[in-house]
Amino acid sequence: MALDWWTLGLQTLNVLVLLWLLSRFLLKPIAAIIAERQQAASRLLDDAATAKEEARQIREAAEQARADADRQRAAALRKAELDADQARRQRLQEADAEIERRHQQAQEALDAEQQMLQTAIETRAGQLALAIADKLMQRLPDSARVGGFIDGLVEGLETLPSETRQTFSRPGVSLLLKVPRPLTDAEQGACSDALRRSLGNPLELEVIVDPELIAGLEMESEHAAVRNSLRADLARLETEMTLHDFQRP
């Protein structure tokens with residue numbers, strides 16, 4: 001029995017020694033290794049957390065950059081659409097302006113052509129009227145082409161303002177008397193007498209034959225003219241008809 005206790009004591013002592021040895025040479029290094037591994041693991045966890053945070057920040061920055069890029073792209077697309085729409089509107093306006101300009105040019109060309117045609121018609125009508133009047137006057141006595149117009153010439157002089165009439169009656173002023181044919185001495189004397197009575201002074205008349213008068217007399221000075229001829233009457237009639245055409249609605 002005593003041996004058993006002794007044996008138990010030795011065994012206990014062995015266990016204690018073994019525990020001391022284990023704690024001295026095995027458990028402490030292992031604990032140190034474990035602590036070191038725990039610190040390393042903690043550092044790794046901290047590094048992982050830091051990396052995770054950096055990754056999150058990078059992801060958020062990337063998402064923000066993508067959102068900014070999307071906004072910029074949308075703005076660029078919108079601006080491109082607006083620019084294209086503005087360019088299209090500009091082209092349409094330019095096309096409308098060009099159409100209007102060409103229409104205006106066509107209308108002006110048409111108006112000019114109509115005016116030229118109207119002028120040609122009026123010119124031809126005037127020529128025909130003169131030719132007809134000339135034919136009619138040829139059927140009248142030759143004296144009627146001059147004598148019947150002397151009084152009308154005098155009346156035309158008397159309707160002029162006094163200052164204008166004085167330009168005909170100044171001494172030394174040469175007056176031009178246009179006639180449709182050569183005057184007889186009697187006709188020239190009648191003209192001179194009638195004009196002298198109207199103007200009150202002797203006159204120096206230069207007589208020129210102008211067949212285009214057809215019939216009548218025209219007197220001109222340097223500053224005025226009096227016309228009493230069939231050509232002048234036809235010209236006035238043509239002017240009045242032209243004005244009437246322009247004034248018609």
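All residue numbers refer to positions in the sequence shown, counting from 1.
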Measure across R165 and E158 and return the closest heavy-atom pair with its distance rounded to 0.1 Å. NE-CA, 3.8 Å
Assess, by modelled atom type and distance only, whether the side chains of E53 and Q57 contain a donor and an acceptor separated by less than 3.5 Å. yes
Atom CG of D85 with >12 non-hydrogen neighbours under 6.0 angstrom: yes
Distance from L176 atom CG to I208 atom CD1, nearest 0.5 Å? 4.0 Å
May I have the list of side-chain donor-acceptor pairs in residues 106-114 shorter than 3.5 Å, sequence neighbours left out?
unit_1: Q107; atom_1: NE2; unit_2: D111; atom_2: OD1; d: 3.0
unit_1: E108; atom_1: OE2; unit_2: Q104; atom_2: NE2; d: 3.3

More than 12 heavy atoms of other residues, nucleotides or ligands under 6.0 Å from CZ of R56: is that the case? yes
Between F149 and G216, the two heavy atoms sitting closest are CG-CA, 3.3 Å
Here the gap from Q93 atom CD to E100 atom CD, rounded to the nearest 0.5 Å, amounts to 14.0 Å
Lys/Arg N to Asp/Glu carboxylate O, D193 vs R197, below 4.0 Å: no
Quick one: CD on E155 to CG on N228, what's the gap to the nearest 0.5 Å? 8.0 Å
Just do the side chain to side chain contact (heavy atoms under 4.5 Å, CB included) check on Q86 and L82 with the steps written out, would you? CA-CA 6 Å; Q86 181 66 26; L82 293 175; over 6 Å; no
Name the one of V146, I214, D210 that satisfies side-chain contact (heavy atoms from CB on, under 4.5 Å) with P180? V146
Could you give me the CA-CA distance, side-chain angles and deciding distance for E60 and Q64, then say whether side-chain hydrogen bond (donor to acceptor under 3.5 Å, both in side chains) is met? CA-CA 6 Å; E60 290 179 353; Q64 182 65 35; over 6 Å; no
R227 to R236 - nearest heavy-atom pair and separation: O-NH1, 4.2 Å
Sequence neighbours excluded, which residues qualify as side chain to side chain contact (heavy atoms under 4.5 Å, CB included) partners of D83? K79
Between R43 and D46, is there a side-chain N and carboxylate O pair less than 4.0 Å apart? no
Measure from the side-chain N and O atoms of S198 to the backbone N and O of A194, and report whether any donor-acceptor pair falls under 3.5 Å. no
Flag side-chain contact, heavy atom, 4.5 Å: M219 against L217: no
Are R101 and E98 ion-paired here, with the side-chain N under 4.0 Å from a carboxylate O? yes
Heavy-atom distance under 4.5 Å between the side chains of L195 and L175, does that happen here? no
Any sub-3.5 Å donor-acceptor pair from T159's side-chain atoms to G156's backbone N or O? yes
Under a single-linkage definition using a 4.5 Å side-chain heavy-atom cutoff for Ile, Leu, Val, Met, Phe, Trp and Tyr, are V209 and V226 assigned to the same hydrophobic cluster? yes
Are L183 and L213 linked, directly or through other ILVMFWY residues, by side chains that come within less than 4.5 angstrom of each other? no
Working to the nearest 0.5 angstrom, can you tell me the gap between R231 CZ and D233 CG? 11.0 Å
